[in-house]
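Worksheet: one structure, shown below.
The analysis underlying the following values was restricted to heavy atoms, covering all of them including side chains, and did not include hydrogens, waters or symmetry mates.
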Amino acid sequence: MEKAPLEKKAVLSAEEIRMIQTSWATAKKAVGYKGIAVLLFQKIFDKAPETLKMFRFGADPDFDVSKDLATSPAFLKHGFAVVATVGAAVAGLDALPSLVPTLTSLGYK
């Protein structure tokens, strides 16, 4: 697959970065990575239920998002990895140019 060229976009202001990082820290403190993962994926699966089948844990016909999401070891492993990546991205907003290649490569996986 050929990589699309990156378009130059407006850079976040220092105030926007501070607000994003503060919001992220507040969410982490309030519900932790597990809570963020569950809330994030619950929203995704509510809005687009067909995406559940993209994941091994979601292919199980007995898997119930409303009951099993917070306790599924397979989901929690994936959810923690996604949230950790988002956390790293949020922490790296001050050095966006060095963050772009990493996040771009993740988008191609």
Side-chain angles (χ1 to χ4, degrees):
M1 171 184 268
E2 188 176 320
K3 294 183 179 183
L6 293 177
E7 295 179 28
K8 291 187 179 190
K9 305 248 181 191
V11 179
L12 294 171
S13 71
E15 178 63 13
E16 290 169 324
I17 291 171
R18 186 195 63 75
M19 288 170 46
I20 292 166
Q21 290 173 334
T22 300
S23 296
W24 183 255
T26 300
K28 265 190 349 186
K29 186 175 181 180
V31 297
Y33 273 19
K34 178 180 177 181
I36 293 170
V38 170
L39 290 169
L40 172 68
F41 281 92
Q42 217 161 23
K43 279 285 188 198
I44 291 170
F45 298 143
D46 285 349
K47 296 274 184 194
E50 68 279 6
T51 61
L52 183 61
K53 302 259 186 269
M54 295 171 63
F55 302 92
R56 243 179 274 156
F57 55 85
D60 178 353
D62 295 326
F63 188 84
D64 181 341
V65 171
S66 63
K67 295 178 185 171
D68 301 330
L69 205 55
T71 59
S72 164
F75 165 73
L76 291 173
K77 180 179 178 184
H78 178 76
F80 272 78
V82 169
V83 173
T85 301
V86 172
V90 169
L93 287 175
D94 295 313
L96 199 53
S98 64
L99 188 61
V100 169
T102 301
L103 295 178
T104 301
S105 70
L106 285 173
Y108 285 105
K109 289 184 181 184

Search all heavy atoms of [X] against all heavy atoms of [Y] and return the closest pair with its distance.
| X | Y | value |
| --- | --- | --- |
| L12 | L93 | CD1-CD2, 4.0 Å |
| A84 | Y33 | CA-CE2, 3.7 Å |
| Q21 | V90 | NE2-O, 2.9 Å |
| S98 | P101 | O-CD, 3.7 Å |

Has the side chain of K34 got a donor or acceptor atom that lies under 3.5 Å from a matching backbone atom of A70? yes
Would V83 and W24 count as a side chain to side chain contact (heavy atoms under 4.5 Å, CB included) if you check the C-alpha gap in whole Å, the side-chain angles of each, and the deciding distance to 0.1 Å? CA-CA 10 Å; V83 173; W24 183 255; 3.8 Å; yes
Would you compute the distance between atom [atom1] of [X] and atom [atom2] of [Y] and round it to the nearest 0.5 angstrom?
| X | Y | atom1 | atom2 | result |
| --- | --- | --- | --- | --- |
| F57 | H78 | CZ | NE2 | 6.0 Å |
| T26 | K29 | OG1 | NZ | 8.0 Å |
| L52 | I44 | CG | CD1 | 11.0 Å |
| K77 | S72 | NZ | OG | 11.5 Å |

One pair to check against side chain to side chain contact (heavy atoms under 4.5 Å, CB included): V38 and F75. What are the steps and the verdict? CA-CA 9 Å; V38 170; F75 165 73; 3.9 Å; yes
Check whether V31 and V65 end up in the same hydrophobic cluster, where Ile, Leu, Val, Met, Phe, Trp and Tyr are linked by side-chain heavy atoms less than 4.5 Å apart. yes
Determine, step by step, whether F55 and F63 satisfy the side chain to side chain contact (heavy atoms under 4.5 Å, CB included) criterion, reporting the C-alpha distance in whole Å, the side-chain angles of both residues, the deciding distance to 0.1 Å, and the verdict. CA-CA 11 Å; F55 302 92; F63 188 84; over 6 Å; no
Please walk me through it: do L69 and F45 pass side chain to side chain contact (heavy atoms under 4.5 Å, CB included)? CA-CA 10 Å; L69 205 55; F45 298 143; 4.1 Å; yes
